[in-house]
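Order of the sequence lines sets the chain letters (A, B, ...), proteins ahead of strands, with each chain counted from 1.
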2 protein chains.
Amino acid sequence: MSLEHIMLGMLRRPASGYDLRKQFEEGPRHFWAARLSQIYPTLQRMERSRWLTSTTTPSPRGPQRRVYRRTAEGTRVLRRWLAGGAEVGAERLAWVGQLIFFGELRDPRRTLRFLRELRRTFASGLDLLESAEHHLRRVDRRSPARWDHDAFHEFLCIRMGVRVRRARLRACDEAIALTSSRLRRGRDET
Amino acid sequence: MSLEHIMLGMLRRPASGYDLRKQFEEGPRHFWAARLSQIYPTLQRMERSRWLTSTTTPSPRGPQRRVYRRTAEGTRVLRRWLAGGAEVGAERLAWVGQLIFFGELRDPRRTLRFLRELRRTFASGLDLLESAEHHLRRVDRRSPARWDHDAFHEFLCIRMGVRVRRARLRACDEAIALTSSRLRRGRDET
DNA sequence: ATGACCATGTAATCCGTTACATGATTCG
DNA sequence: CGAATCATGTAACGGATTACATGGTCAT
């Protein structure tokens, strides 16, 4: 299961389930989503597998915190996952299906409305990543190739995300332009 | 559930579960995957919901075929889905997590090996889509904006896929270049 | 006091995969 | 004779979401 491996990677430093949720909302949010109701049972399972150990500590505010630590075995599992090659799963892009089936409606205006909404959705995702990139670049103005390992790898991920999301926006723009010209043509002929 | 809506869209013409599997392997393969063991129960559920009706007909070779047809209610459900706006679900990109966690290994050569494998994986997905685009363009050499509705919408989907996949390749290339320069620098300083 | 945040969990349900089960026809 | 393709399904399991349940602290 990928989620377990991702959580192993995030547990480089000890953390509670609640801490991990925050991490999912900050960094991985852009490539992986997980709710608390999934995080807690997963941590328990990983502890049973001896990839983690946990201790409870009082919290300054609120109830006791259960803090998890990666074991040597957990680290080995993580490294094996990384050495096992890139995990590229099947995509599930419902919006592509929607776009195809708009063909059946035979109304370019609806296709156009759909594409414009899609573009807005994609644009808001891009903003977040671009500001993350700018933030990293401002912290250290040298070439990213000179940064420390962690910052460098974070940069690679953000940078790849930015490129893909920009391409999605341009793809929307092209589709919108094509559909508009189709709409104009349709009106001319009617 | 998106799968049900996608299957509604595919059932513009009557088809059996076995036929749908073939459709999934041709077009939607690039954006949605479904196995027979998921397709059959889903068709049964949709029939119970009265989105489909089925009849059995003998097959020229092999056992009886159960052919499903969309009902008026099914068509209404599909249109409501399309009118309900773009469905952009949370992404689950395990490879991005892997790339981040390579930071912990502190060895650019392993990062580089990973990125090169990733590039190969992405490249093979692009080939399929590009040949699909060329095929469509060869069938009708006018601007796609002049094609019939179905061909036009299929083109839009393929075209968007091509753009995004090309961006992924370029993103890999950039990451490989950055990591290589980092590797050279590391060797110089050692 | 009300709402936001801290903090942990369980239960029911649904979606998807893997494995199992069956049997006919056609081509080499 | 064996493999591929046609054709339909069930069962067990695992992964993910939604809803449920609890209760303390802090700021307004």
Exercise. Which whole-number value in Å describes the distance from B:Gln64 CD to C:dA24 C1'?
Worked result: 12 Å
Exercise. What is the distance, rounded to the nearest whole Å, between atom CZ of A:Arg45 and atom P of C:dG9?
Worked result: 14 Å
Problem set entry | Aromatic B:Tyr18 / basic B:Arg65 pairing, under 6.0 angstrom, 45° off normal | no
Problem set entry | Donor-acceptor pair between A:Arg69 and A:Thr55 side chains, under 3.5 angstrom | yes
Problem set entry | Between D:dA16 (C1') and B:Glu91 (CD): distance, integer Å | 17 Å
For this session: Respond yes when some side-chain nitrogen or oxygen of B:Ser59 is under 4.0 Å from OP1 or OP2 of D:dC6, and no when none is.
Result: no
Exercise. Rounded to whole angstrom units, what separation is found between the CD1 atom of A:Ile39 and the P atom of C:dC6?
Worked result: 14 Å
For this session: Cation-pi check, A:Arg182 to B:Phe152: give yes when NZ or CZ is under 6.0 Å from the six-membered ring centre and within 45° of the ring axis, no otherwise.
Result: yes
Exercise. At under 4.0 Å, does any side-chain N or O of A:Arg21 touch on OP1 or OP2 of C:dT8?
Worked result: no
Exercise. Is B:Gln44 near enough to D:dT10 that one of its side-chain N or O atoms lies under 4.0 angstrom from OP1 or OP2?
Worked result: yes
Exercise. Salt-bridged, A:Glu91 to B:Arg165, with N to O below 4.0 Å?
Worked result: yes
Problem set entry | salt_bridge(A:Arg170, A:Asp173) N-O dist < 4.0 Å | no
For this session: In whole angstrom, give the distance that lies between atom NZ of A:Lys22 and atom C1' of C:dC5.
Result: 10 Å
Exercise. What is the distance, rounded to the nearest whole Å, between atom OH of A:Tyr18 and atom C1' of C:dC5?
Worked result: 5 Å
Problem set entry | Sidechain-backbone polar pair: B:His135 side chain, B:Ser131 backbone, donor-acceptor under 3.5 Å | no
Seminar exercise, completed: Rounded to whole Å, CG of B:Leu36 lies from P of D:dA7 at a distance of 11 Å
For this session: May I have the distance from A:Met7 (atom CE) to D:dA16 (atom P), rounded to whole angstrom?
Result: 11 Å
Seminar exercise, completed: 5' to 3', nucleotides 17-27 of chain D under a 4.0 Å protein heavy-atom cut-off (B base, S sugar-phosphate only, - none) gives BBB---B-SS-
Exercise. Is the gap between the ring centers of A:Tyr68 and A:Trp51 under 6.0 Å?
Worked result: no
For this session: Output yes when at least one side-chain N/O atom of A:Arg66 is less than 4.0 Å from OP1 or OP2 of C:dT8, else no.
Result: no
